[in-house]
Amino acid sequence: MRVLMVAEKPSLAKSLSEILSRGSSSRRKSSCSACDVHEFQGKLAVPGGGGPGLAAMFKMTSVCGHVMSLDFQPKYNNWETTDPLLLYDAETMKKEAIPSLRIPSFLRQEGKGVDYLVLWLDCDKEGENICYEVINEVEPVMKPPKTPRTQTIFRAKFSAVTEAAILHAFNNLGFPNWNESRSVDARQELDLRVGCSFTRFQTKLFQSLYSGLNNSVISYGPCQTPTLGFCVERHDEIQHFKPEKYWKLDCSVSHSSSNPLSLQWDKERIFDHEVIKLFHLMLTHHKIASVESVSEKSRSKAPPLPLHTVEMLRACSSRLHISPKQAMDIAERLYTEGYISYPRTETTKYPAGFDFKSIVSDLNKNEHFKEFTSQLLTGGIRPPSVGKDVGDHPPITPLRNAPREAVSDTQWKVYEMITCHFLATLFPDCKYKQTDVVFSLGGESFSWAGHTLIDPGFTLINTWQAIGSVPQTTAQFCKGQKWDIVQLGVSEHMTTPPGYLTESELISLMEKHAIGTDASIPVHIENICTRNYVLIQSGRRLVPTQLGIVLVHGYQKIDPELVKPTMRSEIEKQLNEIALGKADYDQVLSHTLDIFRRKFSYFRDNVSGMNELFEATFSSVASTAKLLSRCGKCLRYMTYIPVKPQRLHCKHCDETYSLPQNGSIKLYKEIKCPLDGFEIVIFSGPRGKTYTVCPYCYSNPPFSTVSKGMSCSTCPHQSCPQAMNQLSIDHCPSCDNGTLLLDPSSGPKWKMYCNSLACPVVLHCFEGVHNVEKTINECPECGAYHVLVDFKKDNTPLKGGATKHIGCYNCDPILSPLVRGPESGRHAHRGRGRGRGRGRGRRGRGRRH
DNA sequence: GCAAGGTC
């Protein structure tokens with residue numbers, strides 16, 4: 001019996017196999033560089049099978065998160081030709097989530113011929129969805145069950161990665177939950193359609209109208225946009241804030257030899273100057289305040305809860321000034337190096353039987369922690385019982401001592417924070433005595449509160465939470481005691497606006513409204529930074545940019561729901577109905593998509609509301625742009641927008657064409673691209689890099705299946721015809737200038753074109769010619785053209801004695817007739833480009849004969 | 001080029 005078991009990540013596969021094999025598993029590499037396979041012998045308890053279980057050979061391995069991700073069919077990926085509204089109905093496809101890892105093929109390989117599949121994916125909705133991604137690959141290659149009713153695919157449901165929980169899950173296998181998985185499918189589809197439609201629409205619109213947006217994409221997303229909304233909301237609060245004057249009564253008293261004490265008035269502050277003057281007048285002749293009451297209470301402060309991801313991110317941001325994204329990167333590094341436990345968890349309760357002592361003993365080697373660890377080791381460790389186990393991973397803790405010199409400075413900061421947090425959770429409460437004294441003065445109450453520290457407990461480590469013994473006094477209080485008034489005065493103050501949102505406040509808001517997950521919160525925050533919607537300023541406060549503000553105000557004007565923090569949770573609520581089996585997948589999805597389709601249409605119809613805000617903030621393209629080159633479609637001049645991202649805009653066709661960035665753009669001799677009639681421009685980049693670009697070809701590569709690795713040697717752009725030069729065959733006989741290139745993407749019909757964009761005769765079709773092998777120089781027959789090609793005919797393999805044909809494309813009948821480029825042009829209305837192309841072509845040939 | 005969610 002052979003059993004394949006699959007976890008969600010390599011680290012979990014390792015831990016699980018150690019537990020299930022009791023340390024006897026052996027590890028081997030697999031076809032996937034990230035995923036090892038752990039093998040061991042054991043027994044499989046089939047659900048409902050009874051008995052001792054089947055003796056089996058187990059293979060435990062993992063995927064790396066999602067196997068597949070959702071995207072549109074490639075034909076919808078052209079922003080110029082796809083109406084964003086169509087994206088609500090466009091066909092989608094699954095593609096490999098991490099192509100480089102080749103997970104599907106790896107799963108099929110390992111799953112081939114196994115009798116059983118056991119799924120150990122994380123126990124949440126995403127995990128359930130990945131179960132089915134794994135099943136899709138493995139089920140078709142499994143050994144067919146002996147009887148049709150034999151169940152061969154099982155799900156292990158575990159609540160923690162502890163020996164007890166894992167063994168229990170293993171002995172009580174269940175089945176994957178289709179409804180939960182479908183709710184994730186629905187979420188993916190919704191996010192894709194909504195996000196991409198809005199993003200493409202607003203990007204295209206505002207980039208064609210405004211300069212200085214300093215942004216390549218103006219994105220919209222159901223998580224990132226409400227996240228931005230929080231930052232702008234705080235900004236608005238600050239903007240609308242009107243400072244107000246208020247006044248306080250300041251009173252200090254003393255008794256015999258004690259230091260004066262400052263008292264707090266119970267009315268705190270008064271916003272009316274006349275009123276405060278009256279109070280002052282009323283009290284100013286009093287010389288004595290008497291003690292009304294004295295209370296002394298023992299108080300304590302509990303240590304922090306064990307650390308989970310979101311709290312770690314907050315601490316890194318607010319105390320270490322490290323961004324959530326960087327914090328996660330560092331934590332992952334510390335984790336892979338074995339210094340800390342798995343850093344993505346929502347659990348705040350230590351598992352039963354957690355070995356605190358061995359970790360604390362190991363940390364005791366480190367002089368940075370010795371002060372605390374030695375105290376724990378001598379005093380004994382009381383494992384805290386607080387917190388919540390949500391069944392994912394244990395809280396974040398150090399796993400072993402990291403010598404200071406073994407890690408980088410920032411790694412150390414994060415490690416130290418995690419370690420101090422861990423040690424603090426093992427320390428006792430901070431205990432102190434609080435004394436509250438109420439004084440009476442002319443009928444008004446004033447109070448004083450003092451703290452006396454009894455035991456600092458965990459605040460010895462978390463010093464910023466320490467209870468000082470301030471204000472201190474040696475005075476003894478008793479009821480009826482008379483104190484002398486040392487000072488009674490009025491002080492004037494101003495109310496102050498709140499500060500900009502700190503990153504750690506933002507994280508809390510996102511957590512509260514269930515926007516993003518512990519793993520994706522850092523990504524959303526980084527997103528709104530890189531999209532230039534917010535800037536991080538001192539104290540890691542998020543200050544929205546003009547662009548961020550205008551976007552949020554625009555949504556609020558047109559459809560406030562688009563930016564509301566409740567939007568995400570509303571969607572999740574709908575999706576949860578699918579997960580619970582209460583609602584039908586198709587119904588919920590089409591209903592929700594309908595809502596967003598209408599919202600999109602409404603937004604598009606009313607976008608002028610947002611446009612007005614852009615107009616007031618950004619300068620229009622017209623003011624910075626100039627006419628530069630002609631459009632191949634309407635033959636009118638297009639405007640060149642010289643600000644980032646520099647681009648060309650055709651006002652008449654209402655299309656924008658991207659250009660290479662970080663260099664200058666000029667018109668190139670008024671020559672048109674032979675493929676589409678657009679006037680060629682010349683790009684001069686850094687370090688003197690210069691090349692010609694067709695504005696249309698740049699975004700719409702003429703050869704759709706040019707393989708990815710084939711990059712141009714002189715320019716960085718993928719779709720540059722020069723990228724084809726690996727297949728070049730000598731120089732062009734027509735213009736005597738460029739190199740002839742073969743396009744292998746056109747299948748059995750080879751296309752040949754000239755890479756000199758100045759040459760209008762470019763396309764030749766070689767029917768029935770395949771697999772060009774080699775370039776030879778001159779045709780021995782006609783001598784007219786230099787180019788000879790070796791090729792295989794009619795798909796006959798070259799190896800194994802097949803005919804090898806050498807031909808000249810001038811005189812060889814197989815290679816004739818030559819078909820000129822413009823005839824196979826890509827636009828219906830090609831106008832003048834055609835005639836000119838032919839003329840030049842003929843001239844070119846004539847010269848050579 | 002676009003979303004959000006896994007994880008490397």
Side-chain angles (χ1 to χ4, degrees), chain A residues 7-13 32-36 62-72 74 76-80 82 84 87 90 92 96-101 103 121-122 124-131 133-134 181 183-204 207 215-227 309 328-329 331-333 335-336 342-344 392-393 510 514-524 526-528 530-531 567-568 571-572 575 596 600 645 647 656-659 661 698-700 717-719:
Chain A
E8 190 156 322
K9 44 195 160 274
S11 61
L12 197 57
C32 169
S33 57
C35 308
D36 290 338
S62 74
V63 288
C64 285
H66 274 289
V67 179
M68 308 300 267
S69 75
L70 193 69
D71 204 352
F72 295 112
Y76 297 104
N77 286 343
N78 187 326
W79 292 36
E80 306 304 322
T82 307
L87 297 180
T92 55
E96 280 190 41
I98 314 172
S100 60
L101 290 184
I103 300 272
L121 284 303
D122 289 0
D124 51 23
K125 290 208 267 295
E126 297 294 333
E128 227 56 43
N129 187 262
I130 304 174
C131 278
E133 295 183 327
V134 173
S181 169
S183 79
V184 171
D185 285 334
R187 200 256 317 136
Q188 290 178 344
E189 195 174 326
L190 206 58
D191 286 346
L192 178 73
R193 296 191 191 279
V194 174
C196 297
S197 58
F198 276 88
T199 300
R200 288 189 194 180
F201 169 68
Q202 59 186 29
T203 300
K204 276 186 65 181
Q207 282 195 349
N215 203 321
S216 58
V217 172
I218 305 172
S219 58
Y220 174 88
C223 285
Q224 56 172 274
T225 304
T227 303
T309 307
M328 277 320 292
D329 291 347
E332 258 152 36
R333 182 84 189 270
Y335 162 69
T336 52
Y342 190 68
R344 278 194 285 259
D392 48 1
H393 302 274
M510 293 174 75
I515 293 170
T517 64
D518 53 352
S520 69
I521 282 174
V523 182
H524 298 312
E526 202 194 39
N527 244 337
I528 61 171
T530 54
R531 294 281 149 77
M567 179 182 57
R568 190 62 181 173
I571 295 174
E572 296 278 359
L575 297 174
F596 276 98
F600 176 76
R647 57 203 186 267
T656 301
Y657 300 97
S658 8
L659 293 169
Q661 300 298 308
Y698 188 75
S699 309
N700 306 278
H717 197 260
Q718 185 89 40
S719 62

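Proteins come first, then strands; the chains are lettered A, B, ... in the order of their sequence lines, and each starts at number 1.
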Length of the line joining H393(A):NE2 and dT7(B):C1', which is rounded to integer Å:
11 Å
Scoring nucleotides 1-6 of chain B by protein non-hydrogen atoms under 4.0 Å (B base, S sugar-phosphate only, - none) yields BBBBBB
Sequence-distant partners of D36(A), salt bridge (charged side-chain N to carboxylate O under 4.0 Å, His left out), two or more places apart:
R27(A), K29(A)
With K9(A) via salt bridge (charged side-chain N to carboxylate O under 4.0 Å, His left out) - residues at least two apart:
D122(A)
Can you name the salt bridge (charged side-chain N to carboxylate O under 4.0 Å, His left out) partners of E526(A), sequence neighbours left out?
none
Under the salt bridge (charged side-chain N to carboxylate O under 4.0 Å, His left out) test, which residues partner E80(A), sequence neighbours left out?
none
Could you list the residues that satisfy ring pair (Phe, Tyr, Trp, His ring centres under 6.0 Å) with H393(A), not counting sequence neighbours?
Y342(A)
